[in-house]
Amino acid sequence: MSLTLYNTLTRRKEAFQPLEPGTVKMYCCGVTVYDYCHLGHARSYIAWDTVRRYLEWRGYQVQYVQNFTDIDDKILRRAREEGSTMDAVSEKYIAAYFEDMDRLNIRRADEYPRATHTIDGIQRLIHELETKGIAYATDGDVYYAVRSKTDYGKLSGRKLEDLEAGASGRVDEEVVKKKDPFDFALWKAAKPGEPFWESPWGQGRPGWHIECSAMVRDRLGDSIDIHVGGGDLIFPHHENEIAQSEAATGKPLANYWLHNGMVNVGGEKMSKSLGNFTTIRDLLDKGGVDPMVMRLFVLGAQYRKPIDFTDEAIAAATNGWKTLKDGLLFGYEAGATLGWQNVTTAWPQDKLDPQAIVAFQTSMDDDINTAGALAVLFDLAKKLQREANLLIHQGQTETASDQLEVQWHTLVALADVLGLEVQPMVKEAEVSGLSDDAIEDLIAQRSAAKKARDFAEADRIRNDLQAQGISLIDQPGGGTRWHRTV
RNA sequence: GGCGGCAUGGCCAAGUGGUAAGGCAGGGGACUGCAAAUCCCUUACCCCCAGUUCGAAUCUGGGUGCCGCCUCCA
């Protein structure tokens, strides 16, 4: 079996073949740090985090780099609005980014280069392009001449002839300076009062696309395996990255280009400009949504498809997560009863349930089909959930303990590949303040009340116990079992 | 207008040639004093038309609808 990925460059699924066996160089386009991240960002980074986790699970050593764009008009505007500085705004939202993503259990990249820390590399690259006659400077700006690259447009499938100049109706002074309306800025002359760096072209700052080209080259080399980002970055951002890098190096920038689908609200893309966005922190804090629910919501669809963010979808994911969570907690809650040695020690990879592993891998190998992979998790979780209930209600499981142990570890291992984790609850036996004996005693009183057909009293005792986190289960034979919830 | 993608049950979503995974929601039943939990059963001919084929949700052509990009954007 081999992993196949849909490559935007070829518009086909292709078998994944790294440049160097066993290792994967992966670059992810990060955020411009001028505001809190919204669910669109969450979707994107959950998707790529999952790809990374899966590659590692498949045995690859992954080098994962993600940038921060920390110089940009919007950041500067924000700084003005907040009476702050560009650096302060960047720092604030970078910190917020990490807070949000950590909560979503998105593993940190190996490196987070920033545009403002990559000025040297950016200038070197621009200079190289200039030397090769691909870039030209005018009035302190430097532009990339798109006509100089014959395959410009290969990623997005655009042809320069098909593009309509000024289709957006916007005309600014930049247009006048450009040789071709589709030329884009590599370097922008400083405007009064804005941060700038000295350069051969005068004081100024980098354009947007060039930073990624420079960072990829600095951190990962001329050619990498996988370049990922939101589908809205295909054009012009990634197209321009390719143009810059490949014109400079003469080598492919990336062999596989992966793009995630958008998060929609009411059928429309969630975006800042439409004002229909929900920030991650609002969803998690004000919405009271478990971060794992967000993850499950995202993973419920294949990463390339658009997903609609609705209350119903979150509600469904919430219920789904409860099932998975029950399954993931099984070992912690029932392991001791079932005589398992130690639920926290590592479980050997080769002792996982082979059928589940194969099913999971088959789905994931098919362009990271997480929806299919989740079906495997649900199968395991439902089974464990059922066994847990049998254990609580009947005092024994149907399946042998050692088999359950394998299934539980398999579920935990596979869920981990999807970044779905549960923190085992600390058993709060003291919460009720009642000893086991006291509980048994109350149950005996209730049984007596029931026998006397004093159901009001029986229900009162049951409700009291329930309020203290003790659930009672009347059994067909007449006995009553109990267990602590929470 | 150009480029790309999508269209599967009430909702979400797998399945890419052999008579439709899974999740959520719903219905029926068992059990119970009631309840909770549990257990069992149950809901699709895959947007439309034509074609290829012994056979198509799955391939081809056409149509319709929706989304994204073409301006900053995950």
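Note that these values count all heavy atoms, side chains included, but never hydrogens, waters or copies made by symmetry. Each chain gets a letter, A, B and so on, in the order its sequence line appears, and its residues count up from 1.
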Steps toward side chain to side chain contact (heavy atoms under 4.5 Å, CB included) verdict (Tyr256(A), Phe16(A)): CA-CA 8 Å; Tyr256(A) 301 88; Phe16(A) 177 67; 3.5 Å; yes
Under 3.5 Å between N/O atoms: give me all the protein pairs with nucleotides 13-17 of chain B, atom names plus distance.
residue : atom : partner   : partner atom : Å
rA14(B) : OP1  : Gln302(A) : N            : 3.0
rA14(B) : OP2  : Lys305(A) : NZ           : 3.1
rA14(B) : O3'  : Asn369(A) : ND2          : 2.6
rG15(B) : OP1  : Asp366(A) : OD2          : 2.9
rG15(B) : OP1  : Asn369(A) : ND2          : 3.0

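- Under the salt bridge (Lys or Arg N to Asp or Glu O under 4.0 Å) criterion, the residue pairs touching residues 94-103 of chain A are Glu99(A)-Arg281(A), Asp100(A)-Arg281(A), Asp102(A)-Arg108(A), Arg103(A)-Asp285(A), with sequence neighbours excluded.
- What separates OH of Tyr152(A) from C1' of rC70(B) is a distance of 11 Å, to the nearest Å.
- In summary, Asp73(A) and Arg77(A) do not engage in a salt bridge, as defined by a charged side-chain N under 4.0 Å from a carboxylate O.
- Glu14(A) and Thr4(A) form no side-chain donor-acceptor contact under 3.5 Å, judged by distance and modelled atom types alone.
- Contact annotation for His38(A): base contact, defined as any heavy-atom pair under 4.0 Å involving a base atom.
- Taking the P atom of each, rU60(B) and rG17(B) are spaced 12 Å apart, rounded to whole Å.
- Put simply, CG on Asp311(A) is 15 Å from P on rA25(B), counting in whole angstrom units.
- rC24(B) and rU19(B) have their C1' atoms separated by 27 Å, with the value rounded to a whole Å.
- OP1 or OP2 of rC24(B) lies within a sub-4.0 Å distance of a side-chain N or O belonging to Thr323(A).
- Regarding Glu312(A), its CD atom lies at a distance of 16 Å from the P atom of rG10(B), rounded to whole Å.
- Ion pair Asp49(A)/Arg107(A) not flagged as a salt bridge, since none of the NZ, NE, NH1 or NH2 atoms sits closer than 4.0 Å to an Asp/Glu carboxylate oxygen.
- Within the nucleic acid shown, Lys269(A) comes within 4.0 Å of at least one base atom, counting heavy atoms only.
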Identify the pairs formed between an N or O of the protein and an N or O of nucleotides 46-48 of chain B at a distance under 3.5 Å, and give each distance.
none

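- For the C1' atoms, the distance linking rU8(B) with rA44(B) amounts to 8 Å, nearest Å.
- The cationic group of Lys272(A) lies under 6.0 Å from the six-membered ring centre of Tyr34(A) and within 45° of the ring axis, placing it in a cation-pi geometry.
- Distance CG (Leu9(A)) to P (rG5(B)): 13 Å, rounded to an integer number of Å.
- In this structure, Asn264(A) and Ala458(A) both approach RNA chain B, and ranking their closest nucleotides by distance from the 5' end singles out Ala458(A).
- When rounded to the nearest whole Å, the span between NE2 of His227(A) and P of rA74(B) equals 13 Å.
- The stretch residues 42-54 of chain A touches RNA chain B through Ser44(A), Tyr45(A), each having a heavy atom under 4.0 angstrom from the strand.
- Residue Gly261(A) is in base contact, counting any heavy-atom pair closer than 4.0 Å across all strands shown.
- Listed candidates were rA74(B), rG4(B), rC70(B). Nearest to the side chain of Arg11(A) is rG4(B).
- The P atoms of rA25(B) and rA37(B) are separated by 12 Å, rounded to the nearest whole Å.
- When Leu233(A), Leu253(A), Ile210(A) are each tested for a side chain to side chain contact (heavy atoms under 4.5 Å, CB included) with Glu241(A), only one passes: Leu253(A).
- In summary, of the residues considered (Trp187(A), Phe184(A), Phe182(A)), a side chain to side chain contact (heavy atoms under 4.5 Å, CB included) with Tyr144(A) occurs for Phe184(A) alone.
- Nucleotides rG1(B) and rC11(B) are separated by 35 Å at their C1' atoms, to the nearest Å.
- Taking side-chain N and O atoms only, Asn319(A) has a distance below 4.0 Å to OP1 or OP2 of rA25(B).
- Pairs of residues two or more places apart, or lying in two chains, that qualify as salt bridge (Lys or Arg N to Asp or Glu O under 4.0 Å) and include a residue from residues 461-474 of chain A are Arg446(A)-Asp474(A), Lys450(A)-Asp474(A), Asp459(A)-Arg462(A), Arg460(A)-Asp464(A).
- Remark: Arg147(A) engages Asp180(A) in a salt bridge, criterion side-chain N to carboxylate O under 4.0 Å.
- Pairs of residues two or more places apart, or lying in two chains, that qualify as ring-ring contact (aromatic ring centres under 6.0 Å, His included) and include a residue from residues 90-110 of chain A are Tyr36(A)-Tyr93(A), Tyr45(A)-Tyr97(A), Phe68(A)-Tyr97(A), Phe68(A)-Phe98(A), Phe98(A)-Tyr112(A).
- For Arg304(A) and Tyr6(A), the positive end sits near the middle of the six-membered ring, less than 6.0 Å away and at most 45° from its axis.
- Nucleotides rG9(B) and rU43(B) have their C1' atoms positioned 7 Å apart, rounded to a whole Å.
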5'-to-3' dot-bracket of RNA chain B (Watson-Crick, G-U; under 3.5 angstrom; crossing pairs as [ ]; | other strand): ((((((((.[[[..)..(...]]].(((((.......)))))....[[[[[..)....]]]]])))))))....
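- One finds no salt bridge joining Glu239(A) and Arg158(A) here, because no Lys/Arg side-chain nitrogen approaches an Asp/Glu carboxylate oxygen to under 4.0 Å.
- Base contact: Phe455(A) has a heavy atom under 4.0 Å from a base atom.
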Please list, pair by pair, any protein nitrogen or oxygen found under 3.5 Å from a nitrogen or oxygen in nucleotides 35-41 of chain B.
residue : atom : partner   : partner atom : Å
rA35(B) : N3   : Arg462(A) : NH1          : 3.0
rA37(B) : O2'  : His393(A) : NE2          : 2.4
rU38(B) : OP1  : Asn389(A) : ND2          : 3.1
rC39(B) : OP1  : Arg386(A) : NE           : 3.4

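- Here Val263(A) lies in heavy-atom contact (under 4.0 Å) with a base.
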Test log, rule side chain to side chain contact (heavy atoms under 4.5 Å, CB included), inputs Asp232(A) and Met262(A): CA-CA 8 Å; Asp232(A) 51 358; Met262(A) 300 293 100; 3.8 Å; yes
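- Under the side chain to side chain donor-acceptor pair (under 3.5 Å) criterion, Lys154(A) pairs with Asp151(A), Glu246(A), sequence neighbours left out.
- Residue Lys451(A) places none of its side-chain N or O atoms closer than 4.0 Å to OP1 or OP2 of rG33(B).
- Between rC67(B) and rC12(B), the two P atoms lie 14 Å apart (nearest whole Å).
- Residues meeting the ring-ring contact (aromatic ring centres under 6.0 Å, His included) test with Tyr54(A), sequence neighbours left out: Trp57(A).
- For Gln63(A), the side chain to side chain donor-acceptor pair (under 3.5 Å) criterion is met by no residue, not counting sequence neighbours.
- Residue Ala316(A) is the one, among Gly30(A) and Ala316(A), whose nearest nucleotide of RNA chain B lies closer to the 5' end (criterion: closest heavy atom).
- Under the salt bridge (Lys or Arg N to Asp or Glu O under 4.0 Å) criterion, the residue pairs touching residues 372-388 of chain A are Arg386(A)-Glu398(A), with sequence neighbours excluded.
- Straight-line distance between the P atoms of rG62(B) and rA21(B): roughly 32 Å, to the nearest whole Å.
- Here Asp459(A) lies in heavy-atom contact (under 4.0 Å) with a base.
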